[in-house]
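Here the structure comes first, spelled out in structure tokens, and everything after it is commentary.
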Amino acid sequence: MAPAKPRVLYWFRTDLRLHDSPALKAALDLKPECLYPIWCWDPHYVYRARVGPNRWQYLLDCQSDLSASITKLNPKSKLLVLREAPQTVLAKLLKAWNISHLVFEKDTDAYARERDEHVISQAKEAKVAVIVKMGRTLYDPDELVKANGGKPTMSITQVQRAAEKLGEVTKPVPTPESLPNPGDISLDFEHTQPSPKPDFNDIQRDDKETSYTHLAGPKGDFAVPTLSELGLKPATTQHRGGETLALRALDEIISNTTYTATFSKPSTAPTAFDPQSTTLLSPHHHFGSLSVRLFYWRVKDILREYKGKQSTIPTNLVGQLLFRDMYFGAQAALGYSFAQTSSNSHCRFVPWHLPSKVDPSNGLITGHHHIDSPEAESWFDRWKWGKTGFPWIDALMRQLRQEGWIHHLGRHAVACFLTRGGCYIDWERGAEVFEEWLIDHEVSCNSGNWQWLSCTAFYSQFYRCYSPIAFPKKTDAKGYFVRHFCPELKDFPDKFIYEPWKAPMADQKKAGCLIKGDGQETEEGGIRVYPKPMFDFNARRTICIDAIKSAYRVNLYGDNPRVKDGTWRELFPDSAEGPTEGTSAEGGINGEEAGKKTRLKRGEDASGEMGLDQDEREAAEVGGETRGGDQEDRSPGKRKRKGQGTLDAHFGGKRAKK
DNA sequence: GCTAAAGTTGGGGAG
DNA sequence: TCTCCCCAACTTTAG
């Protein structure tokens, strides 16, 4: 029988704050006799998501700060961290602590939905009421999708139109002034140990992972775990988490009314680092230590009063939040498939190098990839570790690894470089590195931005390509940013700072750094060494743009069966991964892929389609279900071939159906 | 169904 | 130094 007065289990997840928390307000509105503020130490994040020490530290900061704030409101209370999977521990807690209401903030991430559905059904079975409130985004992503005709939000105008239907963003709710006591916190049930395999974070660990040894921590006091319990090295970032710091940072930003009212993302400098040119509030939003609605309304208050010329959506601060909602809306509609190409109905298929391995049992990418080209694999490695030989790219990647944060346009630069504007490597490889290293990593925003930059969704102007030389020069002609993060180059002349390989040997020696090798050596004969560029950027840029053009022409999306069964190869002139002209002209292929290719080649012969020329085959296989009107435009006479000037604009214009 | 314009954030040269 | 315009060229949306 349910107790007369509510006994609430408040489950913190994406909302590590006390201010503007609709879920917490809903819990307190129940006027409960007790409230247990808990956090479940979810093995999904410990083992299955990629998380480096910097983001772990940020999470621990948020938890410690939240716990202290809870104790400030009620000395008998604090954040109770339970080291067990929510799927196993919550049902036991509901019973052990005689809970009547389970309350938490809504999370529309694919994994979270699955987890929460499981937990909700357990709670229902136990006759525990469940209250779920939205508080993570400006709009409930599900509502946004509904207002967008049930479709994923794929552009900012769609978001704005949908938002118009939903009305104004909810005003922040007040911070509670007191909190009820927790009840008895004894744990008289079995502790279920999570399965540590597979462990994607083993590469992060120096020591054994021990955070699950005791349900309430080694001292039995529900304490926030430590990095050493996780077996992790200390964090290297100076960026720290927690609601207290978040609110202070927000105050500082808002107090600069001109900055707030005229902020325009494209004109902020990606080379600024001390201080950075943008707000750096994203990690706070990620952990929920800062409410996006509070930020939104404080910005709106400034805009209402500001008399000078203001920046506008989408480049202003409000626009930045709308983009965040856009990505959440896209993910809410597409689920797991949003974070990958395979089975993603809105992501273009491009035959990148280093494609993901897909688990045939569930269609999800496995976190492992095919090495179709050893050269691309080495490019990827050099990109990740900041040794490409392009100082701008290397400095950014080193800042990312060291500090867990880089400017948004810096992310553009390295993402474009890895995918469509340099290496032609699968955006999923880059997204995995960002997932590992970013302190503000958000599945939806990360996946969405990588699709944007690789021109596979959201954005299609692939001929606009970031140059690793011209782009940083615009805001940092002297190369302060590069000199800071690539200190071996610190004494290079300004003229060569973004292309040091062009410096004469005399200049290299004078600067105390030689440009040679592929990044393996850091010094030679006592002189520092910085790598030679790993390719001719302009040549790669041309190859990539040409290849993307070709992929647009083929016009497959991730959910096309051809993407899954490998027959997409028949639609490309070269039948190969990467921007290749012939079957094995570039990079080389490993045995597995070579075998696949041979099989496909045989299949092609057997199908009799070899009698068709490329145009006819494309028309038959890709455009087969598009409107008949396209036939005319697609005629071989009118259609221009790759490398022969402009494309037939209509050909790729219609969506290839499954 | 068509055309024109817009689309968060390119590069390069002219004035 | 800053702004404007062109370059070459994609999809989507507005009218």
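The sequence lines fix the lettering, A, B, ..., with proteins before strands; numbering per chain opens at 1.
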Protein-nucleotides 9-13 of chain B N/O pairs closer than 3.5 Å?
from: B:dT9; atom 1: O2; to: A:P266; atom 2: N; distance (Å): 2.7
from: B:dT9; atom 1: O4; to: A:H408; atom 2: NE2; distance (Å): 3.0
from: B:dT9; atom 1: O4; to: A:H412; atom 2: NE2; distance (Å): 3.4
from: B:dG10; atom 1: O3'; to: A:C465; atom 2: O; distance (Å): 3.2
from: B:dG10; atom 1: O6; to: A:R464; atom 2: NH2; distance (Å): 3.2
from: B:dG11; atom 1: OP1; to: A:S467; atom 2: N; distance (Å): 2.4

For nucleotides 4-6 of chain B, list the nitrogen or oxygen atoms of the protein found under 3.5 Å from its nitrogen or oxygen atoms, one pair per line.
none

Could you go through nucleotides 13-15 of chain C and list every protein N or O atom that sits under 3.5 Å from one of its N or O atoms, giving the distance for each pair?
from: C:dT13; atom 1: OP1; to: A:Q158; atom 2: NE2; distance (Å): 2.9
from: C:dA14; atom 1: OP1; to: A:R161; atom 2: NH1; distance (Å): 2.5

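Contacts of A:D394 classified as salt bridge (charged side-chain N to carboxylate O under 4.0 Å, His left out), with partners at least two apart in sequence or in another chain: none.
Computed from coordinates, the A:L322 CG to B:dT8 C1' distance equals 11 Å when rounded to whole Å. C:dC7 atom P lies 17 Å from atom CD1 of A:I545, rounded to whole Å. Counting to the nearest Å, the C1' atom of C:dT1 and the NZ atom of A:K478 are 14 Å from each other. Counting to the nearest Å, the P atom of B:dT8 and the CZ atom of A:F263 are 16 Å from each other. The distance between atom CZ of A:R324 and atom C1' of B:dT8, rounded to the nearest whole Å, is 17 Å. The distance between atom CZ of A:R411 and atom P of B:dT8, rounded to the nearest whole Å, is 19 Å. In this structure, A:Y552 atom OH and C:dT11 atom C1' are separated by 8 Å, rounded to whole Å. Atom CG of A:L321 and atom P of B:dT8 are 16 Å apart (whole Å).
Using cut-offs of 30° and 60° on the angle between ring planes, the pair A:H412 and A:Y466 is perpendicular. Aromatic ring orientation, A:F535 versus A:F390: tilted (interplanar angle from 30° to 60°).
For the atom pair NZ (A:K309) and OG1 (A:T312), the distance works out to 7.5 Å, reported to the nearest 0.5 Å. With rounding to the nearest 0.5 Å, the separation of CG in A:D536 from CH2 in A:W501 is 9.0 Å.
Ion pair A:E442/A:R136 flagged as a salt bridge, since at least one NZ, NE, NH1 or NH2 atom sits closer than 4.0 Å to an Asp/Glu carboxylate oxygen. Salt-bridge check for A:R298 with A:D251: passed, with a basic side-chain N closer than 4.0 Å to an acidic carboxylate O. In summary, A:K384 and A:D381 do not engage in a salt bridge, as defined by a charged side-chain N under 4.0 Å from a carboxylate O. Salt-bridge formation is not detected for the pair A:D440/A:R55: no Lys NZ or Arg NE/NH1/NH2 atom is positioned less than 4.0 Å from an Asp or Glu carboxylate oxygen.
Within the 4.0 angstrom heavy-atom criterion, only backbone atoms of the sugar-phosphate kind lie near A:I156; the bases stay farther away.
Using P as the reference atom, C:dC5 and B:dA6 are 13 Å apart when rounded to the nearest Å. Of the P atoms belonging to B:dT9 and C:dT1, the separation is 25 Å, rounded to the nearest Å. Of the P atoms belonging to B:dC2 and C:dA9, the separation is 24 Å, rounded to the nearest Å. B:dT8 sits 24 Å from C:dC7 when the P atoms are compared, rounded to a whole Å. If you take atom C1' in B:dG7 and the same atom in C:dA8, they sit 16 Å apart, rounded to whole Å.
A donor-acceptor pair shorter than 3.5 Å cannot be found between the side chains of A:H239 and A:Y58. Using modelled atom types, one finds a donor on one side chain and an acceptor on the other under 3.5 Å when comparing A:H407 with A:T268. A:Y327 and A:N449 form a side-chain donor-acceptor contact under 3.5 Å, judged by distance and modelled atom types alone.
Residues from residues 290-301 of chain A that place a heavy atom under 4.0 Å from any atom of DNA chain B: there are none.
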statement: For DNA chain C, the dot-bracket notation using Watson-Crick and G-U wobble pairs below 3.5 Å, [ ] for pseudoknot-type crossings and | for other-strand pairs, is .||||||..||||||
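Remark: the backbone N or O of A:K387 is paired with a side-chain donor or acceptor of A:R382 at under 3.5 angstrom. Checked by atom type and distance alone, the side chain of A:S264 never pairs as donor or acceptor with a backbone atom of A:S311 at under 3.5 Å.
No more than 12 heavy atoms of other residues, nucleotides or ligands sit less than 6.0 Å from atom OH of A:Y480.
Each of A:V299, A:T278, A:T315 was scored for a side chain to side chain contact (heavy atoms under 4.5 Å, CB included) with A:F263, with one residue passing: A:T278.
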Worked check of side chain to side chain donor-acceptor pair (under 3.5 Å) between A:R348 and A:N555: CA-CA 7 Å; A:R348 283 177 182 280; A:N555 197 31; 3.2 Å; yes
